[in-house]
Amino acid sequence: MAKDNKKMVDAITSMDEDFAQWYTDICKKAELIEYTSVKGCMVIRPYGYAIWENIQRILDGMFKETGHENVCMPMFIPESLLQKEKDHVEGFAPEVAWVTMGGSEKLEDRLCVRPTSETLFCEHYSNIVHSYRDLPKLYNQWVSVVRWEKTTRPFLRSREFLWQEGHTIHETAQEAIEETERMLNVYADFCEKYLAIPVIKGQKTESDKFAGAESTYAIEALMHDGKALQAGTSHYFGDGFARAFGIQFTSRENKLEYPYQTSWGMTTRLIGAIIMTHGDNNGLVLPPAVAPIQAVIIPVQQHKEGVLDEARKLYDTLKAAGIRVKIDDSENSPGWKFAEYEMKGVPVRIELGPKDIESKQCVIVTRHNREKTFVAIDDLVSAVNTKLEEVRDGIYQAALENRERRTYACTTMDEITKALEEKGDGFIKAMWCGEEACEDKVKEVTGVGSRCIPLEQEQLSDVCVCCGKPAKKMVYWGKAY
RNA sequence: CGGGGUGUGGCUCAGUUUGGUAGAGCGCCACGUUCGGGACGUGGAGGUCGUGGGUUCAAAUCCCGUCACCCCGACCA
């Protein structure tokens, strides 16, 4: 039935007209955020925060499942501590915020507001790790961090953002590498299964890796407009941090050794990824697993005898079945409510009016395709659950198709330029020799930077797309958020 | 951080060129009629014109600073 994509919500700028404005409109109109008087610091409103809480709940469960414990580090880092690992401080110094006063007294040592907490974890590990028996430590924390960004955008790049940062420390390099890979997989599974966002797993190039890391892995997603978004990272540190911070333990062979570390993180940027992967011209489209409201009941002609009573019965039934359900019995017209909950991305809408009650049925409409189904009231719970799964699968497929359509395999620089011009922004797959000079040149000439070296390699050609020398790896390139 | 643009009731904007003391539509509140895709009528409330200085008898309007947002670059989860 009504499968047209007619725009029903004119409060939101059309995507094709102005993608950036469309994105901002959704953030505001779906009541995810509100700006504050500090640049880059936003209020995450209840509806937006509820999405984050669902993300947290699921991810946290996955971390616990893989043996991690939550801890909480302080938010301040003394300058001397930050300085200990050279690459790390060089990477982060340009964007840290400093506390220089305590009350009216100038601080002897100024304090950095954590941009990330490697240094704090390292200091802590140096105190508590003495023997191989103390290893591994598999820690995670849910906190906010501050990075003084120049250009800011809600969720995508704010100066303060919420995230989780996992920090683990291991007896052997092998174990730490396995941990790095394990968490990358956890992230990818989470994105695909729960957020319905297809991702590319890969390794960052040398120039793009985390400050202080030996290697950085990431999952990259492609947004509706063809730009890439890094959705999560997992780093292998080797023993570099341990050496810099003097973390040592006595091994099984009774030798003093340096342990190996990892860190991995995901942020509220995921909410931005959800918006830009699934959203449409009528607003947000939320993956059912993290939607604050999974199903909204809209009574039609609610003033008529019995309608609200019946609607409330549906509400009780769905709630008892563990579905996050809301009933909107406000005085707004049904049409207004349809538009409102579409804008807010509620996956499933249930309409119930006198006609339905008479025939013991109701109408279920799925958000992503506006498909209407008539369902017997007795079968409602299973029907809603089925529809929620359909929404998850439907939006995943749509996102995957968008990515496939916008992924171009290229063997020459000209092909890259041409593909971008003719088909629009997207992922470029092209071979690379491994030289940073070529990476820079590709960016300079075509405008796309390296996103990652995918774990799943293809041999598109034997030579580098840029210099023609023998190619080492196939790389995904793209314009990034 | 560089180049460009925009800030006027909650929202979208007019008014700024040529200074004279603030308007519209939507939203909000009340009542009534409505109700299967953003209903209608009547009445009402709501603005130190982003903000700080300056010029002037008088500033939304002119000048200087500053802040926020948007677009394009460079940096980044």
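Small disclaimer: the values here were computed from a predicted structure and weren't measured. Protein chains get the first letters and strands the later ones, always in sequence-line order, with residue 1 at the start of each.
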NA contact type, [X], heavy-atom cut-off 4.0 Å: base, sugar-phosphate, or nothing?
X         : answer
Val363(A) : base
Ser158(A) : base
Thr233(A) : nothing
Gln302(A) : nothing
Gly265(A) : nothing
Asn332(A) : nothing
Gln230(A) : sugar-phosphate
Pro354(A) : base
Arg349(A) : base
Lys355(A) : base
Gly40(A)  : sugar-phosphate

Base partner of [N], which must satisfy Watson-Crick or wobble distances under 3.5 Å:
N       : value
rU42(B) : rA30(B)
rC35(B) : none
rG25(B) : rC11(B)
rU48(B) : none
rC69(B) : rG5(B)

Distance-only donor-acceptor test, Glu342(A) side-chain atoms vs rG37(B) base atoms, 3.5 Å: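 Such a pair is found, so the answer is yes.
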
From [atom1] of [X] over to [atom2] of [N], roughly how many Å is that when rounded to an integer?
X         : N       : atom1 : atom2 : result
Trp336(A) : rG27(B) : CH2   : P     : 11 Å
Ile357(A) : rG36(B) : CD1   : P     : 15 Å
Phe19(A)  : rC70(B) : CZ    : P     : 14 Å
Glu149(A) : rA74(B) : CD    : C1'   : 13 Å
Glu331(A) : rA39(B) : CD    : P     : 13 Å
Asp208(A) : rC75(B) : CG    : P     : 10 Å
Glu31(A)  : rC11(B) : CD    : C1'   : 13 Å
Arg153(A) : rC75(B) : CZ    : C1'   : 16 Å

Will you find, in the side chains of [X] and [Y], an N or O donor that is under 3.5 Å from an N or O acceptor?
X         : Y         : answer
Gln21(A)  : Asp25(A)  : yes
Asn140(A) : Gln164(A) : yes
Asn54(A)  : Arg57(A)  : yes

Closest contact, heavy atoms only, Leu120(A) versus Phe76(A): CD2-O, 3.7 Å

Pro334(A) or Thr151(A), whichever maps to the more 5' nucleotide of RNA chain B: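 Comparing both residues, the 5'-ward one is Thr151(A).
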
Closest nucleotide among rA74(B), rA77(B), rC70(B) to the Lys443(A) side chain: rA74(B)

Spacing of CG belonging to Asp440(A) relative to NZ belonging to Lys443(A), to within rounding of 0.5 Å: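 Rounded to the nearest 0.5 Å, the CG-NZ separation comes to 9.0 Å.
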
Side chain His88(A), main chain Ala211(A), donor-acceptor under 3.5 Å: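 Indeed, once roles are kept as given, a pair shorter than 3.5 Å links the two residues.
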
Axial cation check for Phe338(A) ring with Arg349(A), 6.0 Å and 45° limits: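 That pair qualifies as a cation-pi contact.
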
Residue-phosphate contact under 4.0 Å: Tyr35(A) side-chain N/O, rC70(B) OP1/OP2: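 For Tyr35(A), the contact criterion (side-chain N or O under 4.0 Å from OP1 or OP2 of rC70(B)) is met.
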
Contact under 4.0 Å: Ser333(A) side-chain N or O vs rA39(B) OP1/OP2: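 Answer yes for this pair, as a side-chain N or O of Ser333(A) is under 4.0 Å from OP1 or OP2.
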
Ring-on-base stacking rA77(B) with Phe161(A) (under 5.5 Å, under 30°): yes

